[in-house]
Each structure stands twice: as structure tokens, then as C-alpha cells.
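Structure first, commentary second.
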There are 2 protein chains.
Amino acid sequence: MASIKDVARRSGVSISTVSYVFTGKRSVKLETRIRVFEAARELGYFPNVGAQMLRNGRTHIIALSSPIHSYTNFTNYAAFFFEMVRAAHRHHFHVLLFAGEDEDEQFVRFADSNLVDGVVLLDVAWNDERIQRAKLASVPYVSIGMPMDSENLIAVDVDFEEVGRVAIDRLAESGHKEILFVGSDQSVDSKSKDVTESNYLHRITASIQAQARRRGITVHSVLTKGDDYSSVRCLLADTFDQHDEITGMITQTSIEFVNNAIGVLQLIGRPIPERTSIVSLASYGKTEMLPVQIDEMPLLPAAVCSKAMQLLIGALDGEAPRAGHIELLHPTYIDRGSIRRV
Amino acid sequence: MASIKDVARRSGVSISTVSYVFTGKRSVKLETRIRVFEAARELGYFPNVGAQMLRNGRTHIIALSSPIHSYTNFTNYAAFFFEMVRAAHRHHFHVLLFAGEDEDEQFVRFADSNLVDGVVLLDVAWNDERIQRAKLASVPYVSIGMPMDSENLIAVDVDFEEVGRVAIDRLAESGHKEILFVGSDQSVDSKSKDVTESNYLHRITASIQAQARRRGITVHSVLTKGDDYSSVRCLLADTFDQHDEITGMITQTSIEFVNNAIGVLQLIGRPIPERTSIVSLASYGKTEMLPVQIDEMPLLPAAVCSKAMQLLIGALDGEAPRAGHIELLHPTYIDRGSIRRV
DNA sequence: GTGAAAGCGCTAACAG
DNA sequence: CTGTTAGCGCTTTCAC
């Protein structure tokens, strides 16, 4: 494995010059620079990251902490992985993946060993154990998702309070009075006895209820365990049977649920959008490929991850305050005409 | 950040002793050992990985190269991520994630920079560009999936030839003569002009055809683009309309497809398993939660990743030959009674 | 059972 | 515009 010394010798310059050629932190005569690059190429030289880490005290690696819950939606998760990697690469950072049930113990081992410059917490639950550690850690943490105890924390997320509010407003403005809210059931993590809801369902639900009360609207809430056709049929058939008065629907579910709901509602004589108005919240996936165009307020993994990375870099550079920064992203409402005046 | 020096000073021993206490490569008096650990704990000391890398020439990090194709199934993908992380952690390795479309260029930058001790290639296509690089690289590569050019390569995968063979055999032995094969459409990657099929569909298809010919069975092949209810209904209704003689079905699709197929077949008067026999290949997901129990030959992400890690470690330790090792894992047939005698 | 010291590859301060 | 050199934190050989 060729080292900087070899390159220096071969190109007839000193090692510091080679270093400066590669870091670009000092101007080097073009001719020399070319000779150095040439030599490096010939020798197959790459700077040794270990040495750089040691010297610079920076690894340019972030940890992505991704616990698996019973309700974890892998599709959404993968989207965040990919977007996080993209965001990190844009800033020349690498991503170390920590995932799974045993995630916790692994975590302890590395978090302070200077392997990573910072940590991004994915899928932060309403009361997440990791938050305690975040506050004691020697490297900056950024939480994606807002936990209950968000004091003194760097966190990014879509503003789900606003999501709920806007969803209700849209339906209310079109005259809907009786609304069905369907959330995916993820109330209890199999492992812990605590209620560790994924934070955004919690926040959306609360904000929907509050806004509905404010506008004098009735919200019927149900949770769904399965997103397959027959589960959806049972759920919706039952609900609309008991509550014929429902005209609008808000879903916070997988895209499969929505897809099946389209079919079921058609079947029970309440087609979207003619007889049922609908908006899908916190969705991710190829929504535009559904047989019926559906309004949505999507998850924004790209925006969230990008912002998370920004905040992390800021904390590393000491530009931003190292803690206590909560950034709520403005949600997007995509109007596809699935809400009709009633 | 406390260093080994600080620990040495505080515990009144030399730095080499501290080092030996942590590596365990030399016996140290119990009393001393305790003093060292105590001091380390008090100072919050963790060995600096950068320095260890520099010194040992090993980073204990592997790269996981995960390109995104148009047909990428995120659920399956995430499963491999998680299993790979688990397998790596078992061997005290970390996992650096490389994912996305721009994956390639990123890849070049790091692959030889001593950041990783080895590379695992995920979702290797039938003719995958990454294979060339694998052969020239200075660190060992392990391919998950078999590319066309598998010469001189370390690769692990389920034996999909056997999967196809067994599926046909099972149906044949129950007297089925006319079989429908449904594959997920992933024939062409949107980005490249080449046909870059995910390798296993290619291999399953070929082996099914061959075995069917051998046993005098007719296989009708179709590809599916959508796995949602209406797509599935169209596809199956059409197919069974034209080929009333079909009694058996082999799917290599998402679990959603299978779920919808159960409903559709019921609807068109060909319920599983009474009138239609079925086996699902290369599946991953909560198959046992389907409304009808379905035979399957699942993907084995845990086994595959575990074996990949083993081979990688072998290559690193120079125990195994550094190249040319192809390991095909024996598939499992899970019999749930969805194949009936005809 | 323990310590002293060389050196891994790199960066950057200092010197020219 | 370029070179010399100290030192980052660790492991390991050699010496006791």
C-alpha cells in the first residue's frame, strides 16, 4: 500500500508538498501538482484515512441509529437510509449503519470511541431511550423525529401539528363535518412495556383532534393492524356501516392501505372522490401510481435528511448552538382533487 | 478527549500496560488491570479508532454497496441491510452504507483508501459493472447474488437453480401439467440501456423452464408490473381466461402480489388451495400472516449475510482463497399445504 | 509482570 | 513556491 512517502519520492518533492497537493490547502505550482498526481496514480496511492483521522481528529463518518420496532415500515425506513446517505455524501461524510434489536448495546461501544463525528437518530419514539444518551454524548446528535423530551436537543422533523391542522382545514373548508381518521397501529413496542409510539402518529392525532374541536368537526378514529385487502375491507365496511354520516377520510397509513381503501370504497358504493373525500398523511411511495389520484401530505425524507445533515455539520463546526435547536419543516399539501365539496 | 497517556498517568502504569490491558494480548496483574479500568472509566477513555487503524492496518469496517434500481424492493433491501449489520457486528465489524444512484462515483473514492477492510455487494445484477472493480480491488469483495461473470469471484447466494427445480418438482409430483409462472417485471433498468436483470429472476426462470421441459410440463410465463389489487385482478383474470387448463402457480413476486392473488383467485372461482395450487419463491415478509397458508421457498437474508461475512473474514485472514469461491445455499421448502393433488 | 521507545501515515507550523 | 519536522494515539519489540 503506497504511502505519501512513496509518492513524494517518485515525484521528487517533499511529503508536505504531496499533502498540500491533495488537501489543496496551499497553492502548488501546476507542473509540480501534475507530477504528484501522476506519481500517485502510478502507485495507486490513496491517503490513509486512519492517519487522517488520527491527525485531524475528524473521521468524516456519521452513525445512523435505526432501531427496529414491531411496526417498522421497511419501505419508509429504506427511503431514509438512502436519503441520509445522499445527504452525507454531499458533505463528504460516510454513513455507518446501526440497525436492529441489539442496536443499543452496540451503540454504547462505539458512540464515544471517536469512530464517528456525530450521530443521527432515526425513527425517534415519543419517549425514546436514546435521547438520554444524546444529551451526555461527546459528539453531536441529531434526532429525526421529535421525542417527548425535546429540551436541549437538536431535532428535525416535518411539522406534524401543521399536517394535522391543514388536513382538517382542507376537509372543513369543503364542508365535511364527519371525518374518519385511520392510523396505523403501532401503539406498543413488543419489546418494552412502555408506550413507545412512533412520534408522528402521536402528534398528528393530537393536532387533528384539537383542530377538529376548534372547527366543530367530529373525528372518528380507528387503528389498522393489517394493510391487506381483506383487513381494509373489514375495517372500512364496519366503520361506514356504523357511521353512515362520514364523508371525509384522513389516513396515516401505508400506501397499500390507501390502495386497498380505494377498491373497498368503490365496492361499498362510496367511491373516491365522488362520495368520499380523502387525504393521505405522512405517506411515502409511488402515490401517483394509484388508480385514483389522492391528495397527500407526504413524508419528506430528502428534505428531512438534508436538514439533519446541515444541523450536524453546524454543530460540528460550532457555528450553530450545539443543542436546543428544533427545526420543523413546513409540510407540503399535494392537491390531486380527492377532496370534493359536500 | 482522554488518551491512553492520561489513563497511564492516572493509574500509575506505563502506556504499554494500558494498551495490553485493553487488547488483552499480554497478561497483566489483576490488581493493575483493575486500576487501569478504573482510571479509564473515570476519564471516559475509549481507544481512538483512528490510531488503531493506522497502527493495525485494519479498520474493522466493511462497505455495503447497495445500488438502487427502478425495480428495487425496499422491504427486501432493508432486510438485507439489517441482517448484514447483525452479521458484521457479530464479528465486531462496522458497516458503511453506500446506496443510491450516484453510488458508483462515491465508490471509487473510498474503495481503496483503506477506509474499509472489505466490500459486500448487494443485489448484484446479471451483468453488474461492479464486478470488474471487485476483481481489481485491493480489498476483498463478496458478491451477494451471482453475476454472469462469476469467474474468480467470491459470491454467496441461495441456489436459485434448485429453487426453480424444486418448485416444478413439487407441482409435477402432485400431477400438475399446466403451470403459471409470475415474475416481477424488472427486465430493464431505467438508467442503463443494458438488460440488467436482478440475477435471481434470471436464474429461477431459466431453471423452471429447463426442469419443466424435462418433466413434460407446460409453463406459461407472465410478468407483473403492479402488485396492487386491480393489477393482479387484471393479470390473473386474463390469464386464467385464456388458459383454463392451468392448475398450478409459481410466483416470484412481492408478498402483496400473493395476498391479492389469494383474493382474486377466490373471486374467479379458483380458490387456493382447492382449485389452484401455489408456491411462492424468493419471498420475504410475513408470509405466515396471509389469509391462506402458502408454500414458500423464501429468500434467506440472514443465512446469506452470515455466510457473506464468513467468507469476507476468511479472505481477510488469508485462510480461504481470496477469490473464486462460489457458495450456493441450499434453499428451504416450507410446506403449508397450498399444493394439492390434481 | 512491567516499561521505554520506535514508528504507522498524515498535517501544519515554522523556516526558507 | 517548497521543505523539515513534531506529533496525533496507539501497538509491539526489546529490555529489564
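Letters A, B, ... mirror the listed sequences (proteins, then strands); counts begin at 1.
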- line: Atom CG of Asn114(A) and atom C1' of dC8(D) are separated, to the nearest Å, by 12 Å

- prompt: Ser19(B) near the nucleic acid: base, sugar-phosphate alone, or nothing, with a heavy-atom cut-off under 4.0 Å?
  reply: base

- prompt: Does OP1 or OP2 of dA13(C) have a side-chain N or O of Tyr20(A) closer than 4.0 Å?
  reply: no

message: Between Lys25(A) and dA12(C), is there a contact of a side-chain N or O with OP1 or OP2 at under 4.0 Å?
response: yes

query: To the side chain of Lys29(B), which of dC10(C), dT11(D), dG1(C) is closest?
result: dG1(C)

message: Can you measure Leu115(A) atom CG to dC10(D) atom P for me and round it to whole angstrom units?
response: 13 Å

query: Roughly how many Å is it from CG in Leu54(A) to C1' in dA6(D), rounded to a whole number?
result: 13 Å

statement: When rounded to whole Å, the CD1 to C1' distance for the pair Ile4(A) and dG7(D) reads 15 Å

message: At less than 4.0 Å, is any side-chain N or O atom of Ser16(B) found next to OP1 or OP2 of dA4(C)? Yes or no.
response: no

message: Nearest whole Å is fine: how far is dG9(D) C1' from Phe22(B) CZ?
response: 13 Å

statement: Partner of Leu121(A) under side chain to side chain contact (heavy atoms under 4.5 Å, CB included), picked from Asp128(A), Val142(A), Ile131(A), Leu153(A), is Ile131(A)

- prompt: Quick one: is dC1(D) close enough that its OP1 or OP2 comes under 4.0 Å of any side-chain N or O from Ser27(A)?
  reply: yes

- prompt: To the nearest Å, how far apart are Asn48(B) CG and dG7(D) P?
  reply: 18 Å

query: In terms of side-chain heavy atoms of Arg55(B), which of dT4(D), dG9(C), dG7(C) is nearest?
result: dG7(C)

Nearest heavy atoms of Ile62(B) and Val116(B), plus distance in Å: C-CG1, 4.1 Å

Residue of the set Leu64(A), Leu115(A), Val119(A) for which side chain to side chain contact (heavy atoms under 4.5 Å, CB included) holds with Leu96(A): Leu115(A)

task: Would you check if the distance from the ring center of Phe74(A) to the ring center of Phe82(B) is below 6.0 Å?
output: yes

query: Could one point to a donor on the side chain of Thr17(A) or the base of dG3(D) with an acceptor on the other under 3.5 Å away?
result: no

message: Can you measure Met53(A) atom CE to dC10(D) atom C1' for me and round it to whole angstrom units?
response: 14 Å

task: Grab the NZ-C1' distance between Lys5(B) and dC8(D) for me, whole Å please.
output: 9 Å

query: Counting only distance, no hydrogens or angles, is the base of dG3(C) paired donor-acceptor with the side chain of Arg9(B) under 3.5 Å?
result: no

- line: Result for 5'-nearest mapping on DNA chain C, choosing between Ala2(A) and Leu30(B), is Leu30(B)

task: Give me the one residue out of Asp6(B), Val36(B), Val21(B) that meets side chain to side chain contact (heavy atoms under 4.5 Å, CB included) with Ser11(B).
output: Val36(B)

- prompt: Any side-chain N or O of Gln52(A) less than 4.0 Å from the OP1 or OP2 oxygen of dT11(C)?
  reply: yes

query: Taking the nucleotide of DNA chain D with the closest heavy atom to each, which residue, Arg26(B) or Val18(B), is nearer the 5' end?
result: Val18(B)

